[in-house]
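The block underneath contains the structure these notes are about, expressed in structure tokens.
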Amino acid sequence: MKQRLCKLLARALADLANHDTLPVGYDAAAIHIERARRKGHGDFASNVALTLADRASLPPRELAQAIVERLPASDFVDQVEIAGPGFINFFLSRAAFEAVVPDVLEAGDAFGRSDIGAGKKVQVEFVSANPTGPLHVGHGRGAAYGAAVADLLQAVGFEVQREYYVNDAGRQMDILATSIWLRYQELSGEAVPFPASGYRGDYIYDIAGQLYRQHGKRLQRSASEVVRDLPLDISEGGDAEARIDALISRAKTLLGESQYRQVHNYGLETILASIRQDLEQFGVHHDVWFFERSVTQSSAMKDAIERLRASGHVYNKDAALWFRSTDYQDEKDRVLIKNDGQHTYFASDFAYHINKLGRGFGRLIDIWGADHHGHVPRMKAAFSAIGEDPAKLDVLLVQFAVLYRGGKKLQMSTRSGEFVTLHELCKEIGKDAARFFYVMRKCEQHMDFDLDLAKSQTADNPVYYVQYAHARICSVFRQMQEKKLTHNRDNGNAHLDLLTESHERDLLVALSRYPEVVESAATALEPHQIPHYLRGLANGFHTYYNAHTFLVDSADLRDARLNLIAATRQVISNGLKLIGVSAPEKM
RNA sequence: GCGCUCUUAGCUCAGCUGGAUAGAGCGUUGGCCUCCGGAGCCAAAGGUCAGAGGUUCGAAUCCUCUAGGGCGCGCCA
């Protein structure tokens with residue numbers, strides 16, 4: 001509908017250009033048409049006359065007048081008006097909006113989809129939490145956002161791949177393996193003081209217990225050997241990080257490569273399985289689970305660094321290998337290979353992104369926690385250095401959800417074991433409420449997550465308001481059957497002109513906006529637009545419901561109204577599905 | 001200290017890439033079921049868009065400065 005108006009305007013402008021009123025060089029793509037914000041301003045408004053007034057050397061209102069005079073006639077425009085400083089307001093005909101009802105009913109689940117993505121390959125990488133513990137509510141926001149972004153892009157015609165990057169190769173994993181083994185030592189009667197920097201969560205005991213049942217005392221070593229000559233922990237006035245590093249190498253020495261690897265892998269696999277399960281319960285799916293080790297244990301890492309080296313932006317200093325990212329506006333240069341010969345996290349992450357590009361994605365979307373924002377410039381710098389367009393990479397920084405319980409801020413830490421898991425959240429407030437709540441806020445906004453509120457007053461969650469509208473419409477159709485009434489869709493479509501109430505027109509307008517909202521949310525990577533739209537649509541329906549009866553005696557009016565609410569039900573269902581929320585027929 | 005980011009109603013947040021009189025929910029106050037589900041509807045009160053300059057026909061939106069919050073600033077991941 002918007003596009004049709006654009007065409008009308010473009011023709012009027014072209015006409016003006018031919019008559020020398022306008023310079024020929026105006027940018028046709030710059031024609032802006034927007035939904036009018038106020039009812040008195042019609043349905044759509046354009047500000048072209050304001051933006052082009054300077055170049056036409058005319059006052060905006062005069063230019064607007066000239067444009068309006070040259071607008072081709074159209075059967076879906078009732079009236080055009082010049083208002084304010086020079087806005088052109090379009091008042092659309094009833095027919096223009098009525099058409100949306102048969103459109104929705106015809107398209108069904110597909111209503112709102114489009115092909116603006118033209119089948120281009122996009123990858124969305126999200127969650128990617130270190131497999132060192134179960135997902136907690138902090139990860140939930142990234143999961144809900146990433147899933148919604150991916151679904152939105154798919155809805156507008158991109159070929160989307162959803163990926164989870166598993167950091168299975170770093171020091172964090174060694175800390176995990178060592179933590180598990182030390183708990184195992186406790187169970188087998190060789191306890192040593194648990195390090196301050198170890199993972200303290202209860203789930204570590206669970207994994208250690210399973211390990212003990214499988215292996216008995218095979219992995220047991222004497223406690224005195226474990227702690228012999230270790231540096232002091234922080235509780236003893238020492239350094240926590242030095243202590244845990246020493247424990248890691250002690251575990252590797254005492255267990256040997258093979259047994260240490262067994263503990264390590266068992267921890268990884270167990271936790272990864274629980275993460276997959278939690279995500280599944282949360283309605284989030286990943287197509288590919290990509291392991292960091294597949295980069296670090298292949299030539300990919302070397303190749304990636306070679307590509308950087310070949311670009312001439314790499315140098316040696318202090319026995320380490322550096323990337324001169326300051327050549328591309330980064331704050332400081334970054335180390336690729338440490339002086340101990342090990343690669344940095346940045347190096348493997350870069351190699352991973354090279355791998356992604358090699359898989360033919362024209363666009364990469366990473367969803368990161370806001371604490372990683374410093375990594376964006378260096379990754380883009382690396383893209384630039386090797387001749388890749390940094391604009392191919394979109395990083396969505398998701399701010400942390402700050403948790404409150406009893407009015408007090410909750411600290412979340414996987415290490416200390418103090419966190420609320422995503423699993424618990426789903427159990428307490430349900431997947432639908434959690435998904436809706438997470439996606440409702442735009443991602444760069446800090447978010448307060450009050451657990452007490454989410455748990456105790458679940459009815460206040462706007463998700464129920466939207467779902468209720470859906471269930472209510474279903475209920476109307478159940479009532480219709482009980483009353484032995486019928487619904488003829490074709491007859492309804494033939495009598496849409498009977499929908500003359502202002503509530504009906506408002507609902508028609510809201511329905512016609514849906515494809516625009518989906519497109520806008522997808523291109524801006526802003527899924528929060530969907531819940532906000534759905535709230536408004538549900539409100540339109542509830543208002544209508546209270547003001548008018550649908551199951552009236554007149555079959556023509558009844559069919560038309562039932563078509564309208566059936567279309568509303570369809571759009572609510574489509575919108576909820578995009579953000580991973582179910583559309584119940586009863587509540 | 002430096003960098004990024006945020007600040008909109010009592011609270012939690014929208015505000016459609018610069019548009020017209022800044023909008024919702026919760027909370028508060030007052031109304032609405034003999035009727036398709038009251039998890040609903042209607043109405044009222046509530047604002048110096050953190051503050052100050054600037055850019056222009058026009059600013060919550062863009063620029064600068066100031067104040068306050070968050071996050072980064074390691075040869076950790």
Side-chain angles (χ1 to χ4, degrees), chain A residues 32 34-38 40-41 45 47 50-51 53-54 59-61 83-87 89 130 132 167 169-173 175 241 245 292 317-322 330-332 334-340 342-346 348-349 369-377 397 399-400 402 440-442 444-450 453 457-465 467-469 471-480 482-483 485 513 516-517 520-521 524 526 528-529 531-533 535-536 538-539 541-552 561-562 565 586-587:
Chain A
H32 272 88
E34 288 179 343
R35 291 271 174 177
R37 297 189 185 191
R38 223 163 269 283
H41 298 152
N47 61 352
L50 291 163
T51 54
D54 259 1
R61 284 193 69 110
F87 292 102
N89 292 339
N130 284 347
T132 52
N167 291 111
R171 175 170 173 263
Q172 297 305 324
M173 290 305 298
I175 297 177
E241 299 308 311
D245 283 335
E292 183 185 7
K317 190 182 111 187
D318 302 333
L321 188 70
W322 295 71
D330 196 8
E331 283 178 70
K332 52 177 76 172
R334 308 293 170 180
V335 171
L336 293 162
I337 305 289
K338 300 185 263 182
N339 60 13
D340 64 0
Q342 295 290 308
H343 63 84
T344 59
Y345 171 80
F346 169 58
S348 63
D349 206 20
D371 55 334
H372 282 61
H373 73 255
H375 295 232
V376 180
L397 294 171
Q399 290 288 341
F400 289 126
V402 182
M440 210 166 48
R441 271 73 161 141
K442 64 180 172 196
E444 66 264 33
Q445 187 70 253
H446 299 275
M447 176 170 133
D448 285 348
F449 203 126
D450 189 326
L453 192 77
Q457 303 187 358
T458 51
D460 289 337
N461 192 313
V463 70
Y464 298 109
Y465 182 84
Q467 288 182 321
Y468 180 48
R472 226 178 185 184
I473 295 171
C474 293
S475 171
V476 171
F477 280 93
R478 284 192 296 270
Q479 270 298 318
M480 180 194 79
E482 276 183 33
K483 292 187 174 180
L485 292 170
R513 277 184 57 215
E516 293 164 32
V517 173
S520 163
E526 289 182 349
H528 75 274
Q529 290 185 28
H532 281 277
Y533 165 80
R535 221 256 152 219
N539 176 250
F541 168 74
H542 286 308
T543 303
Y544 181 32
Y545 179 97
N546 273 276
H548 301 284
T549 306
F550 310 134
L551 300 174
V552 292
R561 286 185 169 172
L562 288 176
I565 66 170
K586 284 183 191 174
M587 294 175 67

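Because the structure is predicted, anything quoted here is derived from the model rather than measured. Chain A is the first sequence line, chain B the second, and so forth, proteins listed ahead of strands; every chain is numbered from 1.
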Can you identify which nucleotide, out of [options], has its nearest atom closest to the [X] side chain?
{"X": "A:Tyr545", "options": "B:rA20, B:rG38, B:rC13", "answer": "B:rG38"}
{"X": "A:Arg171", "options": "B:rG72, B:rG37, B:rC76", "answer": "B:rC76"}
{"X": "A:His372", "options": "B:rA77, B:rC4, B:rC36", "answer": "B:rA77"}
{"X": "A:Tyr468", "options": "B:rC16, B:rU12, B:rG37", "answer": "B:rG37"}
{"X": "A:Met587", "options": "B:rA39, B:rC36, B:rC57", "answer": "B:rA39"}
{"X": "A:Leu50", "options": "B:rG19, B:rG40, B:rA77", "answer": "B:rG19"}
{"X": "A:Trp322", "options": "B:rG37, B:rC36, B:rC75", "answer": "B:rC75"}

With sugar-phosphate meaning primed atoms plus P, OP1 and OP2, does [X] contact a base, only sugar-phosphate, or nothing at under 4.0 Å between heavy atoms?
{"X": "A:His41", "value": "base"}
{"X": "A:Ala45", "value": "base"}
{"X": "A:Pro60", "value": "nothing"}
{"X": "A:Arg334", "value": "nothing"}
{"X": "A:Ala469", "value": "nothing"}
{"X": "A:Thr543", "value": "sugar-phosphate"}
{"X": "A:Asn539", "value": "sugar-phosphate"}

Any side-chain heavy-atom pair from A:Tyr465 and A:His542 closer than 4.5 angstrom?
yes
Are the side chains of A:Val476 and A:Arg472 in touch, meaning some heavy atoms are under 4.5 Å apart?
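No, too far: nothing below the 4.5 Å cut-off.
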Pairwise [atom1] distance, [M] and [N] [rounded to whole Å]:
{"N": "B:rU21", "M": "B:rG25", "atom1": "P", "result": "23 Å"}
{"N": "B:rC33", "M": "B:rG47", "atom1": "C1'", "result": "36 Å"}
{"N": "B:rU66", "M": "B:rC71", "atom1": "P", "result": "22 Å"}
{"N": "B:rU12", "M": "B:rA52", "atom1": "C1'", "result": "29 Å"}
{"N": "B:rU61", "M": "B:rA20", "atom1": "P", "result": "13 Å"}
{"N": "B:rC75", "M": "B:rG69", "atom1": "P", "result": "29 Å"}
{"N": "B:rA50", "M": "B:rA14", "atom1": "P", "result": "14 Å"}

Does [N] have OP1 or OP2 under 4.0 Å away from a side-chain N or O of [X]?
{"X": "A:Ser348", "N": "B:rA77", "result": "no"}
{"X": "A:Tyr464", "N": "B:rC26", "result": "no"}
{"X": "A:His343", "N": "B:rC75", "result": "no"}
{"X": "A:Lys338", "N": "B:rA77", "result": "yes"}
{"X": "A:Lys332", "N": "B:rG3", "result": "no"}
{"X": "A:Arg472", "N": "B:rG38", "result": "yes"}
{"X": "A:Gln479", "N": "B:rG37", "result": "yes"}

Could you state the atom-to-atom distance from CD of A:Gln467 to P of B:rG38 in whole Å?
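Distance, rounded to whole Å: 17 Å.
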NE2 of A:His373 versus C1' of B:rC71: gap in Å, rounded?
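In whole Å, B:rC71 C1' lies 5 Å from A:His373 NE2.
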Answer for the Watson-Crick or wobble partner of B:rG25, both distances under 3.5 Å, is B:rC11
Could you please name the partner base of B:rC65, counting Watson-Crick and G-U wobble pairs only when both distances are under 3.5 Å?
B:rG51
Could you say whether the aromatic ring of A:His532 and the base of B:rA14 stack, counting only centre distances under 5.5 Å and plane angles under 30°?
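Stack criterion not met.
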Hey, is A:Phe87 doing a stacking thing with B:rA20, by the 5.5 Å centroid and 30° angle criteria?
yes
Which distance, rounded to the nearest 0.5 Å, do you find between the CZ of A:Phe477 and the CG of A:Leu562?
4.5 Å
Which distance, rounded to the nearest 0.5 Å, do you find between the CG of A:Asn130 and the CD of A:Glu292?
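These two atoms lie 8.5 Å from each other.
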Does B:rC33 fall in syn (glycosidic angle within 90° of 0) or anti?
syn
Can A:Arg513 be said to sit on top of A:Tyr533's aromatic six-ring, NZ or CZ under 6.0 Å from centre and within 45° of the ring axis?
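No cation-pi geometry.
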Can you find a donor-acceptor pair, distance only, under 3.5 Å between A:Asn47 side chain and B:rG19 base?
yes
Check whether the side chain of A:His375 and the base of B:rA77 form a donor-acceptor pair under 3.5 Å.
yes
Do A:Gln529 and A:Ser520 meet the criterion of a side-chain donor-acceptor pair at a distance under 3.5 Å?
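There is such a pair (donor and acceptor under 3.5 Å, judged by atom type) between the side chains of A:Gln529 and A:Ser520.
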Given A:Thr132 and A:Gln172, is the side-chain hydrogen bond (donor to acceptor under 3.5 Å, both in side chains) satisfied, shown in steps?
CA-CA 7 Å; A:Thr132 52; A:Gln172 297 305 324; 5.8 Å; no
